[in-house]
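Okay, so here's the structure we're looking at.
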Amino acid sequence: MRSILVGLVSVAAALAAGHLVAGLVSPLASPFLAVGNTAIDLTPTPLKDFAVRTFGENDKLVLLGGMAVVLAVLGVVAGLVSRRSPWPGMALAGVLGLLGIAAVLARPTTTAWAVIAPVVSLVVGVAAFRWLWSQAPAVVPGRRKFLLSTAAIAAGAGVAAVGGQLLAGRVDVEASRRAITLRPRETAPKIPFDADFSREGTPPFLTPLDKFYRVDTALSIPRLRAEDLRLRVHGMVDREMVLTYDDLLRRPLVEKTITLVCVSNEVGGPYISTANFIGVDLAELLREVGVRPGSDQLATRSVDGWTCGTPVETIMAPGSNAMLALGMNGEPLPLERGFPVRMVVPGLYGYVSATKWLVDMELTTFDAFDPYWAQRTWAKKAPVKTMSRIDRPKSFERVPAGKFVVAGIAWAQHRGIDRVEVRVDGGPWQPTTLTKEVNVDTWRMWRAELDLEPGNHTVECRATDRDGYTQTNDRAAPIPDGATGWHSMVFTSVAG
Ligand SMILES: Nc1nc2c(c(=O)[nH]1)N[C@H]1C(S)=C(S)[C@@H](COP(=O)(O)O)O[C@H]1N2
Ligand SMILES: [Mo]
């Protein structure tokens, strides 16, 4: 029992000490977070998909919780193997410490001296184990002193962990964000009130920011102040550039309504949202730096090391609407949306276009560089596939027989939606009514009135884009370049 306590408290002390020092030197060097981030990067893609599907946006909390449990178990083990001598437990603490050091060194963005955080963690872990073990009494009268020492170290660990968290947050990025007002020279046309069928179950046309889907690999949200931004543009260019946030603000700001979608969406999935993005024209900026012939990939990097590759051709095409976005829905980007600046390119899935916390843009080639997800077997190029989704009825819903409205969304960003059809129980395809098009870079909502006999039914939908392509029922998984197939919904019509 005593040795278990020694193991648990030593592990806690080690993690907390590392977290505290990391808060001082470099928050991402916290051994706990570094191991978590490394785990995310090393997780096989199918398991990652499973985690996102199962836990959605709580996937990171689940990971941190799981790590805490594993570490606690290791602490218990360290105690159990050290009943006679402290050495096995100290050795285990040392090995864990080395893992922390390796994880911090493996982070793409750590500076060399940030390694001091996991080193402190190792030393504290081994020393705490040794000291507490030596305090553990062989006789009952010594118990009180031992418990006091243990409680003191546990309390110290608590204070250190909280202190580390506070220090990591001391960069006042919220104040930096609050101080910004974005004044687009050209605002997006007002969204007409009938641009959605939200009363019939579709999402509202513009997604409120707290409802906007979120997908990224960041375990802790990067905290980069606008005034600290140095956005580098380099590689196969005529003139390198380093842009500050003020440089970006001085350029003409435009506002555009754009729908963003994630490649990991299953057919009928939730990872699609729409916002008014405020930003600067990306093609214009690239024309200023002068893209050298032969460069076909824009490789972008976020401050936490995540990378992305976008076809130069897509960005430079007339009317691409590609932008460096500084704001969403009238406010500066929220921190989790990539503050201070992110990229948006309509018509491409987010993982090949929408880099958040953007700090580096390198003109290169697809041959020369594989970004984060391409290294993990996703496609290097991924234009958004023409898709549609049924939002009403819900799966297995019971609806009144007779007249019933089905409704949903369809999207084919940058091509536009031409029509959406539905069919019931494998019958003939029927037309639906579409909302007025806001622009070709956004989703469009549809509805159709059905007349239903009582009983079980299946409704399916399919969209046709402006290029004349109609969705087929060929089923593809999200990996490597986006799911395909018709969305279908099984429901019951009830008489009376
Ligand atoms: N830095 C960074 N940017 C990123 C990602 C990431 O993991 N890290 N994920 C991308 C993916 S896969 C998508 S779908 C979009 C999602 O943007 P959102 O979270 O604002 O909805 O961001 C993209 N930008
Ligand atoms: Mo994504």
Side-chain angles (χ1 to χ4, degrees), residues 28 36-37 40-41 43 45 48-49 51-53 56-57 59-60 63 107-109 203 206-224 229 231 258-266 269-279 298-310 322-329 331-361 371-385 387 411 413 443 477-483:
L28 284 176
N37 275 311
I40 290 179
D41 291 352
T43 303
T45 301
K48 231 181 237 173
D49 294 347
V52 170
R53 263 201 317 279
E57 303 185 353
D59 54 348
K60 289 168 192 115
L63 172 72
R107 292 282 82 213
T109 49
L206 285 180
T207 315
L209 291 178
D210 58 346
K211 298 272 156 48
F212 205 99
Y213 84 91
R214 179 182 162 205
V215 173
D216 57 58
T217 61
L219 201 44
S220 52
I221 296 171
R223 302 175 62 82
L224 177 61
L229 177 74
L231 173 55
I258 295 168
T259 296
L260 205 62
V261 60
C262 182
V263 72
S264 351
N265 237 5
E266 302 281 341
Y271 302 129
I272 178 164
S273 303
T274 302
N276 281 330
F277 288 91
I278 300 174
L298 175 65
T300 49
R301 180 186 294 273
S302 76
V303 72
D304 67 344
W306 185 82
T307 53
C308 172
T310 310
M323 61 161 104
L324 296 185
L326 308 178
M328 270 168 96
N329 291 356
E331 27 178 303
L333 289 179
L335 301 195
E336 71 277 12
R337 303 290 158 194
F339 184 83
V341 59
R342 77 177 304 170
M343 209 164 99
V344 178
V345 185
L348 304 179
Y349 287 114
Y351 83 107
V352 289
S353 66
T355 311
K356 307 195 268 189
W357 313 290
L358 176 69
V359 293
D360 192 280
M361 307 172 75
Y372 188 91
W373 285 112
Q375 290 166 23
R376 291 164 176 78
T377 68
W378 291 79
K380 288 198 194 194
K381 295 187 185 176
V384 168
K385 294 181 180 176
M387 264 290 165
W411 63 95
Q413 287 95 310
W443 55 16
I479 196 164
D481 63 357

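Both counts, for ligands and for their atoms, begin at 1 and track the order of listing. Because only heavy atoms are used, hydrogens play no part in the values below, and waters and symmetry mates are left out as well, while side chains stay in. The structure displayed is predicted, hence computed values, not measured ones.
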For this session: Check whether any side-chain N or O of Asn37 sits under 3.5 Å from a backbone N or O of Ser220 as a donor-acceptor pair, and report yes or no.
Result: no

For this session: Please determine if Arg337 forms a cation-pi arrangement with Phe339, meaning its NZ or CZ atom is less than 6.0 Å from the six-membered ring centre and no more than 45° off the ring axis.
Result: no

Exercise. Are the side chain of Tyr349 and the backbone N or O of Lys385 linked by a donor-acceptor pair below 3.5 Å?
Worked result: yes

Exercise. Are any of the N/O atoms in Ser302 less than 3.5 Å from those in ligand 1?
Worked result: yes

Problem set entry | Residue, atom name and distance, where the atom is the protein heavy atom closest to atom 12 (S) of ligand 1 | Tyr351 CB, 3.6 Å

Problem set entry | Identity and distance of the protein heavy atom lying nearest atom 2 (C) of ligand 1 | Trp306 CE3, 3.2 Å

Exercise. What protein heavy atom is closest to atom 19 (O) of ligand 1, reported as residue, atom name and distance in Å?
Worked result: Lys356 NZ, 2.5 Å

For this session: Identify, by atom number and element, the atoms of ligand 1 in contact range of Cys262, meaning under 4.0 Å from any of its heavy atoms.
Result: 14 (S)

Problem set entry | Sidechain-backbone polar pair: Asn265 side chain, Tyr271 backbone, donor-acceptor under 3.5 Å | yes

Exercise. Between Asp304 and Lys356, is the closest basic N to carboxylate O distance under 4.0 Å?
Worked result: no

Exercise. Backbone or side chain, does any N or O of Tyr213 fall under 3.5 Å from an N or O of ligand 1?
Worked result: yes

Problem set entry | Any N/O pair Thr217/ligand 1 closer than 3.5 Å | yes

Exercise. Parallel, tilted or perpendicular: which fits the ring planes of Tyr372 and Trp306, with parallel below 30° and perpendicular above 60°?
Worked result: tilted

Exercise. Can you tell me which residue and heavy atom of the protein come closest to atom 24 (N) of ligand 1, and the distance to 0.1 Å?
Worked result: Ala354 O, 3.0 Å

Problem set entry | Numbered atoms and elements of ligand 1 in range of Val215, under 4.0 angstrom, heavy atoms | 5 (C), 9 (N), 10 (C), 11 (C), 12 (S), 13 (C), 15 (C), 16 (C), 19 (O), 22 (O)

For this session: Kindly identify the option in Arg342, Arg214, Met343, Arg337 whose heavy atom sits closest to atom 17 (O) of ligand 1.
Result: Arg342

